[in-house]
Every structure is written in structure tokens, then in C-alpha cells.
Amino acid sequence: MLEFNDKFVENRNYEKYETTKYPNKEMVILTCMDTRLLELLPKALNLGNGDAKIVKNAGALVAHPFGSIMRSILIAVYQLQAKEILVIAHHDCGMCGLKADPVIDSMLERGIPQETLDTLNYSGLDIKNWLHGFESVQDSVKHSVNTIKNHPLMPEGVPVHGLVIDPKTGKLDLIVDGYQN
């Protein structure tokens with residue numbers, strides 16, 4: 001990768017991607033880190049480089065109202081000229097139906113001591129709840145939209161939309177119309 005990068009810079013291939021830090025389409029998108037969405041999502045939304053701020057995590061989920069995902073969305077709104085927010089999850093998501101026990105078993109198999117997990121639990125982190133996924137992608141989108149929309153630091157009037165994309169076709173289903181709330 002570093003050799004490729006050296007050639008990329010040497011050949012000035014970056015020039016076609018030059019833009020500002022402000023999103024041309026004045027939006028911030030929270031979406032999943034799923035590999036199938038890397039190119040599909042921007043193409044399905046007609047987004048080019050510089051058009052939107054994109055925040056990614058497992059499941060396109062706002063799991064904590066004062067975590068890094070919410071902070072990124074607020075910075076996009078207050079400092080980077082984003083005027084709309086889209087939460088875009090996808091069908092066939094690995095977080096849908098995810099159970100904590102297999103993840104914990106994998107941690108133990110890869111050398112995380114049980115004592116570490118116990119310490120986290122004793123310290124107030126419900127690790128099983130923290131690692132648990134969701135049962136319905138639509139409900140998860142609604143949850144994230146509601147968390148963003150009702151956040152005490154979110155200014156009134158910012159549309160927050162919720163959508164689900166098909167990772168095979170790129171078809172979008174509107175779950176929450178941010179203009180209606």
C-alpha cells in the first residue's frame with residue numbers, strides 16, 4: 001500500500017479529489033462500516049468526493065448519546081455546514097441478530113483474559129449489552145434518528161432522515177422522513 005501511495009502522490013493523482021472540508025451537499029451521513037457499501041452507497045446517492053460528511057460504525061447505530069458518533073454529527077452541523085442528517089443502515093447487517101456470547105467467546109479464544117472481562121463488568125460496563133446487536137434494522141434506524149433528533153445539543157429544524165439500503169442493489173427504503181418531523 002505504501003508503494004502504491006508513493007506513486008499516487010508522485011503522479012499527482014490526488015488532484016482530481018481536491019475539495020474543501022465543507023460538504024457540497026450540506027449533509028452528514030451515518031452509515032455502516034460494511035464493505036459492500038464502500039462504493040455502492042455514494043453511487044446509489046449520487047455522491048462524489050466532497051459532497052457529504054460520512055461517519056461509519058458497526059450498524060449505523062448511535063449507541064450512546066454522548067459518544068464519538070454523536071460528537072461527529074454535532075461537529076458536522078455546528079462547524080462544517082451540514083444542514084441535514086441521514087442515518088443509512090442496510091439489510092443483511094452483521095449487527096442484526098448479533099449476540100454477545102460468541103463475540104466474548106472469540107475474545108477469550110484470542111487471549112483476552114476472563115479477568116479483564118470481569119473487571120469491565122465490575123466497573124459498570126455491561127459488556128454483554130455493549131456487544132449486543134439489534135433485532136430489526138428498521139427499529140435500529142428509528143432509534144438512531146430519535147437519539148439524534150432529540151439530542152439536547154441538536155438545534156431545532158435540522159432534518160434527520162432514516163433509510164435502509166439494499167447492499168446488493170443499492171435500493172433505498174425511507175424509514176423516517178426528516179421533513180415530516
Side-chain angles (χ1 to χ4, degrees), residues 14 16-96 98 123-127 129-167 169-181:
Y14 57 84
K16 63 184 173 184
Y17 301 105
E18 289 178 345
T19 187
T20 71
K21 63 183 176 181
Y22 303 105
N24 298 327
K25 294 189 178 180
E26 300 179 325
M27 67 174 68
V28 58
I29 298 169
L30 169 60
T31 192
C32 187
M33 65 183 192
D34 191 288
T35 56
R36 297 170 290 178
L37 303 181
L38 186 64
E39 291 187 48
L40 178 67
L41 180 70
K43 298 295 184 206
L45 296 174
N46 190 32
L47 296 176
N49 195 56
D51 281 345
K53 293 292 183 186
I54 299 181
V55 179
K56 293 185 172 199
N57 72 357
L61 182 64
V62 179
H64 192 287
F66 294 99
S68 64
I69 297 299
M70 196 63 222
R71 180 182 61 219
S72 296
I73 292 169
L74 289 168
I75 295 302
V77 169
Y78 282 107
Q79 295 293 298
L80 301 171
Q81 302 174 0
K83 295 191 169 114
E84 292 194 47
I85 301 165
L86 287 77
V87 176
I88 305 177
H90 65 95
H91 297 292
D92 190 32
C93 183
M95 289 295 287
C96 190
L98 180 74
S123 299
L125 174 65
D126 181 348
I127 194 138
N129 188 50
W130 183 64
L131 292 172
H132 190 269
F134 48 79
E135 299 305 317
S136 160
V137 69
Q138 292 86 354
D139 288 346
S140 176
V141 166
K142 290 175 188 175
H143 167 79
S144 290
V145 167
N146 285 333
T147 300
I148 296 166
K149 185 77 178 164
N150 296 308
H151 195 279
L153 298 176
M154 183 60 61
E156 283 191 42
V158 175
V160 184
H161 310 283
L163 301 103
V164 177
I165 189 169
D166 183 324
T169 67
K171 181 182 183 316
L172 288 163
D173 296 317
L174 183 64
I175 307 300
V176 178
D177 183 346
Y179 298 130
Q180 301 300 318
N181 304 21

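- Separation of atoms NZ (K25) and NZ (K53) is listed at 15.5 Å; rounding is to 0.5 Å.
- With contacts defined as side-chain heavy-atom distances shorter than 4.5 Å, the pair L153/M70 does not qualify.
- H143 pairs by the ring-ring contact (aromatic ring centres under 6.0 Å, His included) definition with nothing, not counting sequence neighbours.
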Before giving the answer on side chain to side chain contact (heavy atoms under 4.5 Å, CB included), spell out for E84 and Y179 the whole-Å C-alpha distance, their side-chain angles and the decisive distance to 0.1 Å. CA-CA 10 Å; E84 292 194 47; Y179 298 130; 2.8 Å; yes
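- Just one residue in the list I165, T169, D173 forms a side chain to side chain contact (heavy atoms under 4.5 Å, CB included) with H91, and that residue is D173.
- For D92, the side chain to side chain donor-acceptor pair (under 3.5 Å) partners two or more places apart in sequence, or in a different chain, are R36.
- Using a 4.5 Å heavy-atom cutoff, the side chains of V28 and I75 are not in contact.
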Side chain to side chain contact (heavy atoms under 4.5 Å, CB included) between L74 and H151, intermediate numbers included: CA-CA 10 Å; L74 289 168; H151 195 279; 3.9 Å; yes
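- Between A60 and A89 the shortest heavy-atom distance is CB-CA, 4.1 Å.
- Looking only at side-chain heavy atoms (C-beta outward), H161 and V145 stay at 4.5 Å or farther from each other.
- We find the CD1-OG distance between I175 and S140 to be 11.0 Å, quoted to the nearest 0.5 Å.
- The distance from atom SG of C96 to atom CD of E135, rounded to the nearest 0.5 Å, is 6.5 Å.
- Among residues at least two apart or in separate chains, salt bridge (Lys or Arg N to Asp or Glu O under 4.0 Å) pairs with a member in residues 59-83 are E26-K83.
- In this structure a side-chain-to-backbone donor-acceptor pair under 3.5 Å is present from N24 to G50.
- Side-chain contact between C93 and D34 is absent, with no heavy atoms from C-beta onward closer than 4.5 Å.
- Taken to the nearest 0.5 Å, the CG atom of L30 stands 5.5 Å off from the CG atom of N57.
- Put simply, the side chain of M154 reaches to within 4.5 Å of the side chain of I85, judged on heavy atoms.
- With rounding to the nearest 0.5 Å, the separation of CG in L41 from CD in E39 is 11.5 Å.
- The side-chain heavy atoms of H132 and D126, taken from C-beta on, include no pair separated by under 4.5 Å.
- Within the 4.5 Å cutoff, side-chain heavy atoms of L172 are placed close to those of I88.
- Contact of the I29 side chain with the L45 side chain is registered, since non-hydrogen atoms from C-beta on lie closer than 4.5 Å.
- With rounding to the nearest 0.5 angstrom, the CE atom of M27 is 14.0 Å from the CD atom of Q81.
- When the shell of 6.0 Å around OH of Y17 is examined, it contains 12 or fewer heavy atoms from other residues, nucleotides or ligands.
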